[in-house]
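Order of appearance sets the numbers: ligands from 1, and atoms from 1 within every ligand. Everything numeric here is computed off the predicted structure, so don't read it as measured data. Hydrogens, waters and symmetry mates play no part in the numbers below; they use all other heavy atoms, side chains included.
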Amino acid sequence: MNLSPELIEKEIREAGAIAMDYFSNLNDLAISKKSPRDLVTEADVAVESFLHKKLQLHYPQFGFWGEESGKSNNQSKRWVVDPIDGTHSFSKGQYFWGISVALEIDEEIIFGAVYAPALDDYYMAQKGLGAWKNNQPIKVSSEGDLANAMISTGFACLRDYMDDNNLDRFCRVARATTGQRRFGSAALDLCLVADGQVDAFWEQALNLYDVAAGALIAQEAGGSLTDFKGHKGLFPEQILVTNGKLLDQLLVLM
Ligand code: IPD
Ligand code: CA
Ligand code: CA
């Protein structure tokens, strides 16, 4: 596979600069709603359009699936892109949002990058080659006791008015842990597990573009990747990522 992580990083950082231009002028930011609880801004559209153009220029053999523009060309070998993961946070001037880019070849994620421009943190992984943050190797935490753990989650299920709204599950896990966080970007949540800053993350009702890159980064950092029943693999609709040591203790609470 003739892939240049350096070239991809250059383009993602350029996309980050585009996002930061909008981020520094939020009073003028055009915001619309895809559904009552799902925002999209002109920054999302501009970042995705830039990445679509650049990735197709450098890698014309691959198709594209972006959250805002949909699917185009080859869908068996494709880029899977969330231009701004954490749009609501972005629109409020918060720093925790990221650009997520993954390459999926025949249903396997082989490259993933998540860039947080406001934090200037760049996470990257290639299948079988480890996980990196700002060009330094990263790995999951060594916390083996759920009672000492910090977990994070999200509530996409509330956005989708699901019956299983994660609130009872959150209460069960919150009572069993020391720290609980809701950061607002699933892509970055996954990177924090990879970096050992959080010990486990779970969420329902996500899409492949939210999690494809972050899940590979977490796996390459030594994390476990399952659904809520412990089936191994990437299930965007029911994702559970842990440092590996906490998986069994969390499964009984899911
Ligand atoms: C959202 C973030 C959030 C998650 C939502 C996602 P978006 O992505 O990842 O953490 O809870 O379900 O939709 O919409 O800002 O790209
Ligand atoms: Ca997203
Ligand atoms: Ca998004």
Side-chain angles (χ1 to χ4, degrees), residues 12 15-16 18-20 22-23 26 29-52 64-71 79-102 104 109 112-119 123 151-162 164-167 169-170 173 180-194 197-198 200-218 228 234-241:
I12 292 175
I18 293 170
M20 289 303 287
Y22 287 99
F23 193 64
L26 291 174
L29 185 69
I31 303 174
S32 55
K33 285 195 170 184
K34 297 188 279 191
S35 67
R37 294 175 175 171
D38 196 1
L39 306 182
V40 59
T41 77
E42 60 183 316
D44 297 77
V45 174
V47 167
E48 182 166 316
S49 172
F50 172 84
L51 285 171
H52 192 170
F64 189 87
W65 177 18
E67 177 178 1
E68 310 309 343
S69 62
K71 299 175 181 177
W79 296 101
V80 182
V81 173
D82 187 340
I84 296 179
D85 185 68
T87 296
H88 202 180
S89 301
F90 176 92
S91 72
K92 304 291 277 184
Q94 297 172 16
Y95 285 21
F96 204 83
W97 48 274
I99 299 171
S100 182
V101 176
E104 183 191 47
I109 307 298
V114 178
Y115 178 43
L119 303 171
Y123 297 87
I151 56 85
S152 71
T153 188
F155 294 93
C157 42
L158 283 174
R159 182 195 58 205
D160 295 351
Y161 301 90
M162 286 171 57
D164 176 356
N165 59 21
N166 196 34
L167 295 175
R169 183 175 299 106
F170 175 75
V173 180
Q180 308 80 26
R181 299 290 185 273
R182 198 291 189 244
F183 289 109
S185 166
L188 279 175
D189 283 309
L190 292 162
C191 292
L192 292 195
V193 175
Q197 296 184 45
V198 168
F201 164 76
W202 78 88
E203 189 162 356
Q204 303 142 271
L206 292 171
N207 291 285
L208 185 62
Y209 43 71
D210 296 304
V211 298
L216 178 66
I217 293 165
F228 293 2
L234 176 54
F235 304 94
E237 71 283 358
Q238 194 180 85
I239 185 170
L240 170 62
V241 171

For this session: Sort out for me which residue in L192, V193, L234 forms a side-chain contact (heavy atoms from CB on, under 4.5 Å) with V241.
Result: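 Per the side-chain contact (heavy atoms from CB on, under 4.5 Å) rule, the option paired with V241 is V193, out of L192, V193, L234.
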Exercise. Should T87 and D44 be marked as a side chain to side chain donor-acceptor pair (under 3.5 Å) after you check the CA-CA gap, both sets of side-chain angles, and the distance that decides it?
Worked result: CA-CA 8 Å; T87 296; D44 297 77; 2.6 Å; yes
For this session: Check Y22, F23, F96 against F90 for a ring pair (Phe, Tyr, Trp, His ring centres under 6.0 Å) and give me the one that passes.
Result: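 Testing F90 for a ring pair (Phe, Tyr, Trp, His ring centres under 6.0 Å) against Y22, F23, F96 leaves exactly one candidate, F23.
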Problem set entry | Donor-acceptor contact present, side-chain E68 to main-chain E48, <3.5 Å |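 Flag not set: sc E68 to bb E48 has no pair under 3.5 Å.
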Problem set entry | Short side-chain to backbone donor-acceptor contact, S49 and A46, under 3.5 Å | no
Exercise. Does the side chain of W97 come within less than 4.5 Å of P117's, by heavy atoms?
Worked result: yes
For this session: Please assess N207 against E67 for the test side chain to side chain donor-acceptor pair (under 3.5 Å), listing each intermediate value before the final yes or no.
Result: CA-CA 9 Å; N207 291 285; E67 177 178 1; 5.9 Å; no
Exercise. Counting only protein N/O/S, how many atoms fall short of 3.0 Å from the Ca ion (ligand 3)?
Worked result: 3
Exercise. Can you name the nearest heavy-atom pair linking P83 to I99, along with the distance?
Worked result: O-CG1, 3.1 Å
For this session: Looking only at non-hydrogen atoms, find the nearest pair between A218 and A194 and report the distance.
Result: CA-CB, 3.7 Å
Could you check ligand 1 for N or O atoms lying under 3.5 Å from protein N or O atoms and list the pairs with distances?
unit_1, atom_1, unit_2, atom_2, d
ligand 1, 8 (O), D85, OD1, 3.0
ligand 1, 9 (O), D85, OD1, 2.8
ligand 1, 9 (O), D85, OD2, 3.2
ligand 1, 9 (O), A186, N, 3.0
ligand 1, 10 (O), R182, NH1, 3.0
ligand 1, 10 (O), G184, O, 3.1
ligand 1, 10 (O), S185, N, 3.2
ligand 1, 10 (O), A186, N, 3.2
ligand 1, 11 (O), R182, NH1, 3.4
ligand 1, 11 (O), R182, NH2, 2.7
ligand 1, 11 (O), E203, OE1, 3.4
ligand 1, 11 (O), E203, OE2, 2.5
ligand 1, 12 (O), R159, NH1, 3.2
ligand 1, 12 (O), E203, OE2, 3.4
ligand 1, 13 (O), R159, NH1, 2.5
ligand 1, 15 (O), G86, N, 2.7
ligand 1, 15 (O), T87, N, 2.7
ligand 1, 16 (O), E67, OE1, 3.2
ligand 1, 16 (O), D82, OD2, 3.2
ligand 1, 16 (O), I84, O, 3.2

